[in-house]
Amino acid sequence: MENQRLAEIFNKIADALEFKGENKFKIIAYRKAAQVLSNLTSDIYDYYKENKLEDIPGIGEGIAKKIKEYFEKGKVSKLEEVTKDIPDGILDLLNIPSLGPKTLYLAYKELGVKNLEDLERVINDGSLAKLPQMGEKKVENIKNGIEIFKKAQERMPLGKAYLIVNEIINELKDMKEVKLIEPAGSFRRMKETVGDIDILVMSEEPEKVMERFVNLKIVERVLAKGDTKSSIITNQKIQVDLRVIKKESWGAALQYFTGSKAHNIKLRGIAKNLGYKINEYGIFKDDKYICGSDEKEVYEKLGLQYIPPELREDLGEIELALKNNLPEIVDYANFPGDLHIHSNYSDGSNSIEEIVKEAIKYNYKFVAIADHSRSAKYAGGLSIDELIKRNKEIDEIQKKYPNIKILKAMEVDILGDGSLDYPDEILKQLDIVIAAIHTGLKKEPEKRILKAMENPYVKIIAHPTGRLISSRESYSIDLEKIFKKAAERNIALEINSYYDRLDLNDYNCRKAREYNVKMAIGTDSHNVESMWQIKLGIGVTRRAWLSKKDIYNFQIL
DNA sequence: GCCGTTTTCGGCCCGACTGTTTTCAGTCG
């Protein structure tokens, strides 16, 4: 599928045009097309074949022509045209905070800056500071920006950001000046990674709140400090923006700063058509304040059903909300249970009873104890005897805790030939068999998974792509084949909610939903302190528009 | 470059903060 490749091409064109100072709306149009392409669940080639490229919103005559060229000639000549007089790699420098296209272009034109080394040279020899509109402080900011650029090339996984957000909120929420505090941005939308963290505070006394914020223990550097906005870099090298909002603007600000950008731009268009203006302060008609204190009210005023943050990506949610027809996604509260937890029988650190007690705190109806199978020596995989002993212990504990169902599960290795790590007569004693690849990730993973799915006892395939957000690409598998088989065999695919996995991800879950595949949510916890990560998995289901009927956890009891 | 029950041309979201200026440009979200 060429969707991503084309998205990259259009983003690159946008970068080049921005560098050259082209019409900014043209740049927006290319970026919009790139965004649409990277989120498209169906193959762009099919649209091309059926001559329906222009049916896709955001793709018009010009970009359709370029996509056609790509499929017919294997290239987009516009990309070559706009990049031919730009040195290789200079566009990457646009990702340096505080260095924008105007300054970069000037440095290139006047000082011959072509790469990061050149940039550092003109900073150090003082020539950059002598350019028009430049000065010592601007150069200092760019210098700091380079440091951030080098260290924080990657976005932070959502699960890590969670801990930082919790810490900041805990530090600020008890101030008497703080009426409400709430995270916004991609964090609130539960994107799997975040580039920075946005936090909103309702207060009438911004000075005190800002003062406290920029002096928190985790602050490494203060980038800006004002009455409405302050920005800091934490000791973990992530930027946190804090905004202080007045009561009458709270809902509008929450809406505005939650984004996504594409979602907000479309909302603005709707507001405009209704004769309103919408910004972070509220909805206005001829500069007269209409509403803004409540986020739901903001959507209602625009004739829209309230759209949950996780859906706000401009992937069709606005059109559905206009018709009051959004999918019924599931709540974070009252989730029925966790399908993937390791006990100290294998490599977990807590006993089965400790896990059960913790699960009760979550109000779960069930919890699945899923230890590693015998081949997983590195992870204390259970021999058949150990497995039988463990199951007996589960029976005993079950008697003590009648209000929660303890499921006898196992995360069973898919071996090199696609067979499972226990014989069928053992597998059939389990409530849930979760099959997974842990070794030989490059050894025909697709074939092995498909073979494992033939086994009559397999209920779930764990972490189907094997990717790790911070360190590993997915196995090379054709997920569509897995989806078809899963639907046919009624096997659920996991949303592994461990923060560095989130596998399947939102995009693939949306795709799986088209095949009527059920998803199984489990945290893969190895200690009870990790069980909160079920939130991350639920977030994925919400971003993928899944309803209860799409989620295996709701169909177990 | 996209888009249209105002439009096939002329719009396209808009405000905060910083730094370099002395009324504004650049960057960011």
Side-chain angles (χ1 to χ4, degrees), chain A residues 10 13-14 17-18 21-36 53-67 76 78 82 93-107 129-142 144-145 148 184-187 189 194-200 206 210 214 222-232 239-245 249 252-253 255-284 287 302 314:
Chain A
F10 292 131
I13 292 175
L17 295 178
E18 193 164 36
E22 259 274 11
N23 178 305
K24 64 176 173 172
F25 299 108
K26 194 185 276 191
I27 295 161
I28 289 170
Y30 276 112
R31 292 211 193 282
K32 169 78 187 173
Q35 187 237 344
V36 165
L53 288 169
E54 290 184 50
D55 289 359
I56 304 171
I59 295 184
E61 196 186 338
I63 287 178
K65 205 185 264 179
K66 291 172 181 71
I67 295 173
V76 176
K78 176 80 176 180
V82 295
L93 303 184
L94 287 172
N95 293 318
I96 297 173
S98 304
L99 177 66
K102 296 282 195 293
T103 309
L104 184 61
Y105 185 76
L106 209 60
K130 295 201 179 75
L131 292 177
Q133 297 296 333
M134 296 299 288
E136 262 177 46
K137 286 195 175 173
K138 280 203 168 182
V139 171
E140 188 60 30
N141 285 340
I142 293 171
N144 290 332
I148 296 166
S186 51
F187 180 88
R189 301 202 312 280
V194 299
D196 61 13
I197 294 171
D198 301 283
I199 298 178
L200 306 187
M210 293 306 193
V214 300
V222 179
L223 297 175
K225 180 167 176 264
D227 273 352
T228 63
K229 180 196 169 190
S230 295
S231 298
I232 56 112
Q239 181 171 335
V240 183
D241 295 345
L242 187 82
R243 294 167 198 276
V244 173
I245 313 292
S249 297
Q255 195 293 311
Y256 182 89
F257 291 112
T258 296
S260 68
K261 197 168 184 176
H263 176 91
N264 283 359
I265 287 173
K266 190 163 273 183
L267 235 51
R268 260 148 233 289
I270 290 174
K272 204 170 172 183
N273 284 339
L274 294 170
Y276 295 128
K277 185 180 78 165
I278 176 170
N279 57 26
E280 60 263 53
Y281 299 105
I283 295 184
F284 298 85
D287 289 333
L302 299 179
D314 189 22

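Letters go in sequence order (proteins before strands), and every chain restarts at 1.
Applying the side-chain contact (heavy atoms from CB on, under 4.5 Å) test to V36(A) and every residue at least two apart in sequence or in another chain returns K32(A), I56(A). Under the salt bridge (Lys or Arg N to Asp or Glu O under 4.0 Å) criterion, K26(A) pairs with E22(A), not counting sequence neighbours. Listed by chain and number, the residues in a side-chain hydrogen bond (donor to acceptor under 3.5 Å, both in side chains) with Q35(A) amount to none (sequence neighbours excluded). Partners of K229(A) by side-chain hydrogen bond (donor to acceptor under 3.5 Å, both in side chains), not counting sequence neighbours: none found. The side-chain hydrogen bond (donor to acceptor under 3.5 Å, both in side chains) test applied to T258(A) returns R188(A), not counting sequence neighbours. Residues forming a ring pair (Phe, Tyr, Trp, His ring centres under 6.0 Å) with Y105(A) (at least two apart in sequence, or on another chain): F19(A). Here K130(A) pairs with nothing under the salt bridge (Lys or Arg N to Asp or Glu O under 4.0 Å) rule; sequence neighbours left out. Remark: E280(A) engages no residue in a salt bridge (Lys or Arg N to Asp or Glu O under 4.0 Å) (not counting sequence neighbours).
A straight line from CD of E18(A) to C1' of dG29(B) spans 13 Å, rounded to a whole angstrom. In this entry the distance linking NZ of K26(A) with C1' of dG1(B) reads 7 Å, nearest Å. What separates CD1 of I270(A) from C1' of dC12(B) is a distance of 15 Å, to the nearest Å. When the C1' atom of dC13(B) is taken as reference, atom CD of Q255(A) falls 12 Å away, rounded to whole Å. Spacing between atom NZ of K24(A) and atom C1' of dC12(B) amounts to 9 Å, rounded to whole angstrom units.
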N/O donor-acceptor pairs under 3.5 Å from side chains in residues 260-272 of chain A, not counting sequence neighbours:
unit_1	atom_1	unit_2	atom_2	d
S260(A)	OG	H263(A)	N	3.3
S260(A)	OG	R312(A)	O	3.1
H263(A)	ND1	E317(A)	OE2	2.8
H263(A)	NE2	Y299(A)	OH	2.9
N264(A)	OD1	Q255(A)	NE2	3.0
N264(A)	ND2	Y256(A)	O	2.8
K266(A)	NZ	D314(A)	OD1	3.0
K266(A)	NZ	E319(A)	OE2	3.0
R268(A)	NH1	I278(A)	O	2.3

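In the interface, the side chain of Y281(A) is not paired with the base of dG15(B) through any donor and acceptor atom under 3.5 Å apart.
Proximity of residues 57-64 of chain A to DNA chain B (heavy atom under 4.0 angstrom from any strand atom) is restricted to P57(A), G58(A), I59(A), G60(A), E61(A), G62(A), I63(A).
Within the structure, a side-chain polar atom (N or O) of K66(A) is placed less than 4.0 Å from OP1 or OP2 of dG1(B). Contact between the side-chain N/O atoms of K277(A) and the OP1/OP2 oxygens of dG15(B) is found at a separation under 4.0 Å. Taking only side-chain nitrogens and oxygens, N264(A) never comes nearer than 4.0 Å to OP1 or OP2 of dC13(B).
Side chain of N23(A), nearest nucleotide from dG29(B), dC12(B), dG15(B): dC12(B).
When R31(A), K102(A), K24(A) are each tested for a salt bridge (Lys or Arg N to Asp or Glu O under 4.0 Å) with E18(A), only one passes: R31(A).
Pairing for dA25(B) goes to dT18(B), judged as Watson-Crick or G-U wobble with the two contacts each under 3.5 Å.
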Contact pattern, 5' to 3', of nucleotides 6-11 of chain B - B, S or - by protein heavy atom under 4.0 Å
------

So if I define the base as every atom that isn't primed, P, OP1 or OP2, how would nucleotides 17-24 of chain B read as a B/S/- string at a heavy-atom cutoff under 4.0 Å?
SSSS----

